[in-house]
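In listed order, ligands and their atoms are each counted from 1.
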Amino acid sequence: MCPTDIGPPDFHDMLPPVIKNNYGQWKYHEIPHPGVLLHVAESGDKLYSVRVGSPRLVSIHQIRDLCDIADKYCDGYLRFTSRHNVEFLVSDPTRLDPLLEELHTKNYVIGGTGRGITSIVHTQGWVHCHTPATDASGPVKAVMDALIDYFTGNKTLPAHLRISLACCLNMCGAVHCSDIAILGIHRTPPKIDNERLPKICEVPTTVASCPTGAIRRDAESGGVKVVEERCMYCGNCYTMCPAMPLADPENDGISIWVGGKVSNARTAPMFSKLAIPYLPNNPPRWPEVVDAIVNIVEIYASHAKKHERVGEWIDRIGWERFFSLTGIEFTDKHIDDFRLSVDTFRTSTHFKF
Ligand code: SF4
Ligand code: SF4
């Protein structure tokens with residue numbers, strides 16, 4: 001077949017020989033040190049995966065450095081995990097300690113395995129996207145600085161704890177199945193510039209872009225108007241029409257959701273549920289968000305049973321107990337009063353009325 005540049009290359013071509021030779025024949029794995037996974041094959045072959053954190057937005061210089069390290073210690077084999085950690089795949093055990101030493105010398109942070117916190121997956125934030133209600137890299141850096149001991153293995157947790165951030169509720173980062181989700185929220189409708197709108201946007205497309213039918217044609221200006229009680233501040237209209245910006249420096253902020261997981265170990269996957277409806281954007285270090293998350297992590301660490309994920313722990317103790325243990329206030333914002341919702345109208349994590 002003629003080679004093309006359409007679609008991803010076949011991953012088999014990029015596997016290290018030790019994985020190719022033992023494909024589907026791995027016997028067990030263990031974690032000899034935090035950040036180091038050891039996989040042992042039926043044949044007796046061993047593969048060490050050394051995991052280091054990355055900030056996700058990495059420079060070309062750092063990528064070159066990572067590749068040089070991989071060339072030196074693991075025949076060029078490394079991979080990026082789905083949580084943007086870097087894993088060096090070492091098949092020669094004599095090269096493991098020199099690799100760890102060089103990583104330490106170069107200040108790479110080794111960890112993110114087992115019962116702890118691995119890197120926070122996040123979306124683009126103010127650096128790139130047009131609808132964020134908060135930044136992405138900024139809060140993630142501040143939160144991870146406070147929780148770094150759970151990454152390096154200096155502190156452990158009852159089970160894996162996955163934190164994710166999406167900077168608006170369109171959630172291209174899909175944070176809704178995370179133990180702790182940081183989600184940017186808008187709280188005000190778009191500001192319409194009807195002077196500019198008819199010149200740069202198609203009015204019918206703009207009207208059709210609203211999932212709740214909140215946008216109507218405004219005959220007077222030739223632009224549009226928004227029926228505010230139908231608006232759920234999603235930003236879809238701004239994606240279609242730049243004359244309807246949604247960003248609001250005073251009212252945008254962050255909500256915190258807890259108890260989700262993707263894993264189907266022991267219990268089925270779970271969705272995250274609302275814990276804190278609003279925290280202000282307070283760059284550059286987002287202290288309110290950091291404090292709130294550290295509080296949830298510490299209460300979970302001291303109350304959950306071994307292997308219990310955050311959602312499983314809350315299911316066992318009940319949401320009332322979760323709110324009282326963490327000191328998080330239960331407010332009217334926890335109850336869904338958006339009148340166009342069907343399944344969740346007047347429902348909270350506690351009750352429906
Ligand atoms: Fe853009 Fe929303 Fe994705 Fe953030 S979560 S990058 S604002 S679409
Ligand atoms: Fe409609 Fe969303 Fe725009 Fe509100 S923000 S008017 S719900 S598209």
Under a 3.5 Å cutoff, is there a donor and acceptor pairing between the side chains of Asp65 and Tyr108?
yes
Give the atoms of ligand 2, by number and element, whose distance to some non-hydrogen atom of Cys231 is under 4.0 Å.
4 (Fe), 5 (S), 6 (S), 7 (S)
Protein contact to atom 7 (S) of ligand 2 [nearest heavy atom, distance to 0.1 Å]
Met232 N, 3.4 Å
Among side-chain atoms of Asn251 and Thr188, is any donor-acceptor pair under 3.5 angstrom?
no
SB check Lys27 Glu42 (cutoff 4.0 Å):
no
Which atoms of ligand 2 sit under 4.0 Å from any heavy atom of Ile215?
6 (S)
Counting from 1 in the order shown, the ligand 1 atoms closer than 4.0 Å to a non-hydrogen atom of Pro132 are 7 (S)
Need the ligand 1 atom indices (1-based, order shown) with element for anything under 4.0 Å from a heavy-atom of Thr131.
1 (Fe), 2 (Fe), 7 (S)
Does Leu274 belong to the same Ile/Leu/Val/Met/Phe/Trp/Tyr cluster as Ile314, with side-chain heavy atoms less than 4.5 Å apart forming each link?
no
For Thr212, take its heavy atoms, then give the atoms of ligand 2 lying under 4.0 Å from any of them.
7 (S)
For the pair Tyr23 and His12, name the ring-plane relationship: parallel under 30°, tilted 30 to 60°, perpendicular over 60°.
tilted
Determine whether a donor-acceptor pair (N or O, by modelled atom type, separation under 3.5 Å) exists between the side chain of Arg196 and the backbone of Pro242.
yes
Count I, L, V, M, F, W, Y as connected when their side-chain heavy atoms are under 4.5 Å apart, and connections chain through other members. Are Ile328 and Val143 then in the same cluster?
yes
For Gly213, is the nearest heavy atom under 4.0 Å from an atom of ligand 2?
no
Geometric class of the His334/Phe323 ring pair [parallel <30°, tilted 30-60°, perpendicular >60°]:
perpendicular
Against heavy atoms of Pro211, which atoms of ligand 2 measure under 4.0 Å?
8 (S)
To which protein heavy atom is atom 3 (Fe) of ligand 2 closest, and what is the distance rounded to 0.1 Å?
Cys237 SG, 2.3 Å
When you measure from the heavy atoms of Pro189 to every atom of ligand 2, does any distance fall below 4.0 Å?
no
For a distance under 2.8 Å, tell me if Cys210 has an N/O/S atom near atom 2 (Fe) of ligand 2.
no
Could you identify the single nearest non-hydrogen protein atom to atom 4 (Fe) of ligand 1 and state the distance to 0.1 Å?
Cys167 SG, 2.2 Å
Record the part of Tyr238 in heavy-atom contact with ligand 2 below 4.0 Å; permitted values are side chain, backbone, both and neither.
neither
So SG of Cys210 and CE of Met232: to nearest 0.5 Å the spacing works out to 7.0 Å
Which of the atoms in ligand 1, numbered in the order shown and given with their element, are less than 4.0 Å from a heavy-atom of Cys129?
1 (Fe), 6 (S), 7 (S), 8 (S)
Thr134 and Asn281: side-chain donor and acceptor closer than 3.5 Å?
yes
Counting each atom of ligand 1 from 1 as listed, which ones have a heavy atom of Gln124 under 4.0 Å away?
6 (S)
Look at atom 2 (Fe) of ligand 1 and say which protein heavy atom is nearest, naming residue and atom and giving the distance to 0.1 Å.
Cys168 SG, 2.3 Å
Any idea which atoms of ligand 1 are less than 4.0 Å away from a heavy-atom of Cys172?
3 (Fe), 5 (S), 6 (S), 8 (S)
Parallel, tilted or perpendicular: which describes the rings of His303 and Trp313, with under 30° parallel and over 60° perpendicular?
tilted
